[in-house]
There are 2 protein chains.
Amino acid sequence: MTGQVRTVDGRVAGRRGQATRQKLLDCLGEMLSSSPYRDVKVIDVARKAGTSPATFYQYFPDVEGAVLEIAEQMATEGAQLTSLVEGRTWVGKSGWAAAEELVEGFLEFWRRNDAILRVVDLGAAEGDKRFYKIRMKILNSVTNSLTESMKELQAKGKVDKDISPAAMAGSLVAMLAAVASHQKGFQTWGVKQAELKPNLALLVHLGITGKKPTK
Amino acid sequence: MTGQVRTVDGRVAGRRGQATRQKLLDCLGEMLSSSPYRDVKVIDVARKAGTSPATFYQYFPDVEGAVLEIAEQMATEGAQLTSLVEGRTWVGKSGWAAAEELVEGFLEFWRRNDAILRVVDLGAAEGDKRFYKIRMKILNSVTNSLTESMKELQAKGKVDKDISPAAMAGSLVAMLAAVASHQKGFQTWGVKQAELKPNLALLVHLGITGKKPTK
DNA sequence: TCGGTAAGCTGACGGCATGACAGGACAAGT
DNA sequence: ACTTGTCCTGTCATGCCGTCAGCTTACCGA
């Protein structure tokens with residue numbers, strides 16, 4: 001799909017070039033963690049990477065372009081989130097376990113990539129299709145799996161027919177994403193991680209099966 | 001609380017001053033709706049308001065400062081969201097109606113203020129306490145009411161004791177906020193508003209009462 | 001070993017936004 | 001008309017943006 005990495009002016013990047021490019025991406029990632037998105041300047045990223053702004057513009061059209069690149073990499077990793085749902089059963093004790101592990105895995109992924117995910121979220125909310133697509137790519141891996149699980153349950157008559165699996169799955173995943181990006185916020189407030197997770201798991205279980213879990 | 005509106009250099013603003021100040025805020029609000037946060041420049045806001053950048057800096061330290069001002073105004077309005085929960089009963093048919101109206105009202109508020117809320121969300125996620133406080137101010141009005149409702153239900157033995165009302169209410173509100181800010185996203189995808197809302201209401205009802213609603 | 005060629009990097013530059021200031025325009029009271 | 005305090009803007013130094021020409025470095029075939 002990607003074919004070859006190319007510079008803005010069309011040259012193909014060699015070993016050294018790819019290294020600098022990656023270094024710029026890494027530094028940008030760090031900057032995003034430590035300072036507000038609005039204040040991240042090309043010159044700072046370049047300085048941090050021990051190179052010049054001109055070099056940055058050789059590989060990326062602008063900051064946004066570079067962020068998209070990082071996000072793309074992350075989205076590829078994120079596809080493995082599917083494993084949190086696929087092949088799971090949602091009945092009995094293992095159903096509760098599935099919910100718990102889904103919450104745990106999701107929050108963990110978000111925590112690890114919070115800086116970039118913030119920006120992706122913003123871009124998507126602003127209506128930028130490229131960011132929206134990336135967000136979808138990540139969330140879809142979970143949403144689709146969940147939707148499938150729910151359809152199966154519906155087919156077996158275990159879940160009301162008038163529920164839209166897609167809407168329900170989408171809402172649940174959106175909730176997980178939202179709580180994840182404001183984890184620190186919850187802490188600063190009264191709510192502790194320890195009591196947050198089980199409640200999320202409960203909501204997930206309730207949403208998918210319509211029933212209280214048997215713990 | 002606010003006392004008097006003051007310029008950056010300490011003067012008190014008179015009638016005319018307050019008017020230009022407000023005009024700048026309005027224009028900034030419009031700009032935020034039409035272009036990415038990162039690209040909103042002081043000079044554009046000033047031009048749009050028919051004034052000069054210097055005037056802008058007389059009233060606000062920077063773009064962020066002005067955004068905070070708008071957000072503060074919005075948060076004050078937003079406090080009335082409490083009415084969506086307070087004095088509601090969560091049993092029987094009126095319980096379902098309460099859930100539906102909460103969802104409806106919340107989404108509507110978010111849709112009306114999406115541009116600023118995006119930025120507030122970003123600021124909060126980046127750890128800026130000022131933005132976080134504003135976000136709290138809005139969400140708390142709903143969260144606290146919900147928490148109270150749940151505590152009452154718990155006291156009556158209608159809800160499991162091992163649930164943390166605060167965590168549950170917080171999660172539900174976070175979900176509403178998240179879905180609201182990606183409403184367009186859901187639409188672009190397959191999910192329609194019409195099927196989204198009932199599902200959200202269902203989740204809210206399930207979360208608060210632990211039971212399926214009687215419609 | 002030695003060019004030749006393409007990749008890789010940077011200094012320098014015009015352009016624009018930022019943020020500060022001092023001074024001019026304006027409204028209101030005397 | 002004159003004074004006073006509010007309000008706005010022209011101007012300027014500073015710093016980042018984004019581009020280009022040109023220099024250095026690595027690779028490769030003869």
Side-chain angles (χ1 to χ4, degrees), chain A residues 2-28 30-32 34-70 119 123, chain B residues 2-32 34-70 119 123 128:
Chain A
T2 39
Q4 259 172 332
V5 181
R6 287 185 173 274
T7 58
V8 170
D9 54 335
R11 273 200 298 279
V12 289
R15 228 193 350 271
R16 187 153 73 112
Q18 296 208 21
T20 341
R21 201 183 117 103
Q22 190 56 50
K23 182 157 200 175
L24 283 167
L25 287 178
D26 292 343
C27 291
L28 173 55
E30 285 180 46
M31 299 241 67
L32 285 175
S34 59
S35 45
Y37 179 45
R38 204 168 193 285
D39 299 342
V40 172
K41 308 289 179 195
V42 170
I43 199 169
D44 296 321
V45 178
R47 254 199 288 264
K48 198 179 172 79
T51 179
S52 80
T55 303
F56 181 96
Y57 286 106
Q58 195 141 55
Y59 295 106
F60 312 103
D62 48 23
V63 173
E64 204 188 59
V67 170
L68 272 167
E69 202 67 27
I70 300 180
V119 181
Chain B
T2 39
Q4 257 172 334
V5 182
R6 286 184 174 275
T7 58
V8 170
D9 54 333
R11 269 201 308 280
V12 288
R15 226 192 351 272
R16 190 155 70 111
Q18 296 208 19
T20 28
R21 199 184 117 104
Q22 190 58 49
K23 182 156 200 177
L24 284 167
L25 287 178
D26 293 343
C27 291
L28 173 55
E30 285 180 46
M31 299 242 67
L32 286 175
S34 59
S35 43
Y37 178 47
R38 204 168 194 284
D39 299 342
V40 172
K41 307 289 178 196
V42 170
I43 198 168
D44 297 321
V45 179
R47 253 200 290 264
K48 198 178 172 80
T51 180
S52 80
T55 303
F56 181 96
Y57 286 107
Q58 192 139 56
Y59 294 107
F60 312 104
D62 49 22
V63 173
E64 203 187 60
V67 170
L68 272 167
E69 202 67 26
I70 300 180
V119 181
D128 187 312

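In what follows, chains are A, B, ... by sequence order, proteins preceding strands, each numbered from 1.
Formation of a donor-acceptor pair under 3.5 Å by the A:Thr7 side chain with backbone atoms of A:Arg11 is found in this model.
Using a 4.0 Å heavy-atom criterion, one finds that A:Thr51 contacts the sugar-phosphate atoms exclusively. Backbone-only contact: B:Arg16 has heavy atoms under 4.0 Å from sugar-phosphate atoms and none from a base. Using a 4.0 Å heavy-atom criterion, one finds that A:Phe60 contacts no nucleic acid atom at all. Among the atoms of the strands shown, none is found under 4.0 Å from any heavy atom of A:Phe56.
The 5' end of DNA chain C is approached more closely, in terms of each residue's nearest nucleotide, by B:Ile43 than by the other of B:Gln58 and B:Ile43. Looking at which nucleotide of DNA chain D each of B:Gln18 and A:Tyr57 is closest to, the 5′-most match is held by B:Gln18.
Side chains of A:Arg6 and A:Val12 form a contact here, defined as non-hydrogen atoms less than 4.5 Å apart. Taking 4.5 Å as the limit, every side-chain heavy atom of A:Leu68 sits out of range of all side-chain heavy atoms of A:Phe60. Counting heavy atoms from C-beta on, the side chains of B:Leu24 and B:Leu28 never come closer than 4.5 Å.
Going from atom CZ of A:Arg6 over to atom P of C:dA6 covers 13 Å, rounded to whole Å. Atom CZ in A:Arg47 sits roughly 17 Å away from atom C1' in C:dC9 (whole-Å rounding).
The shortest distance between the side-chain N/O atoms of A:Ser52 and the OP1/OP2 oxygens of C:dC9 is not below 4.0 Å. In this structure, A:Thr20 reaches the C:dC9 phosphate: one of its side-chain N or O atoms is under 4.0 Å from OP1 or OP2. Look at B:Arg15 and you'll find a side-chain N or O under 4.0 angstrom from OP1 or OP2 of C:dA28.
A salt bridge does not link B:Arg38 with A:Glu64: none of the charged nitrogens is closer than 4.0 Å to a carboxylate oxygen. At a threshold of 4.0 Å, the pair B:Lys23-B:Asp26 does not count as salt-bridged, since none of the basic side-chain nitrogens sits closer than that to a carboxylate oxygen.
Taking only side-chain atoms of A:Tyr59, from C-beta outward, the nucleotide of C:dC21, C:dC9, C:dA17 with the closest atom is C:dC9. Residue A:Arg11 places its side chain closer to C:dA7 than to any other of C:dA7, C:dT10, C:dA20.
Interface limits on DNA chain D: the 5'-most and 3'-most nucleotides within less than 4.0 Å of chain B heavy atoms are D:dT6 to D:dG10.
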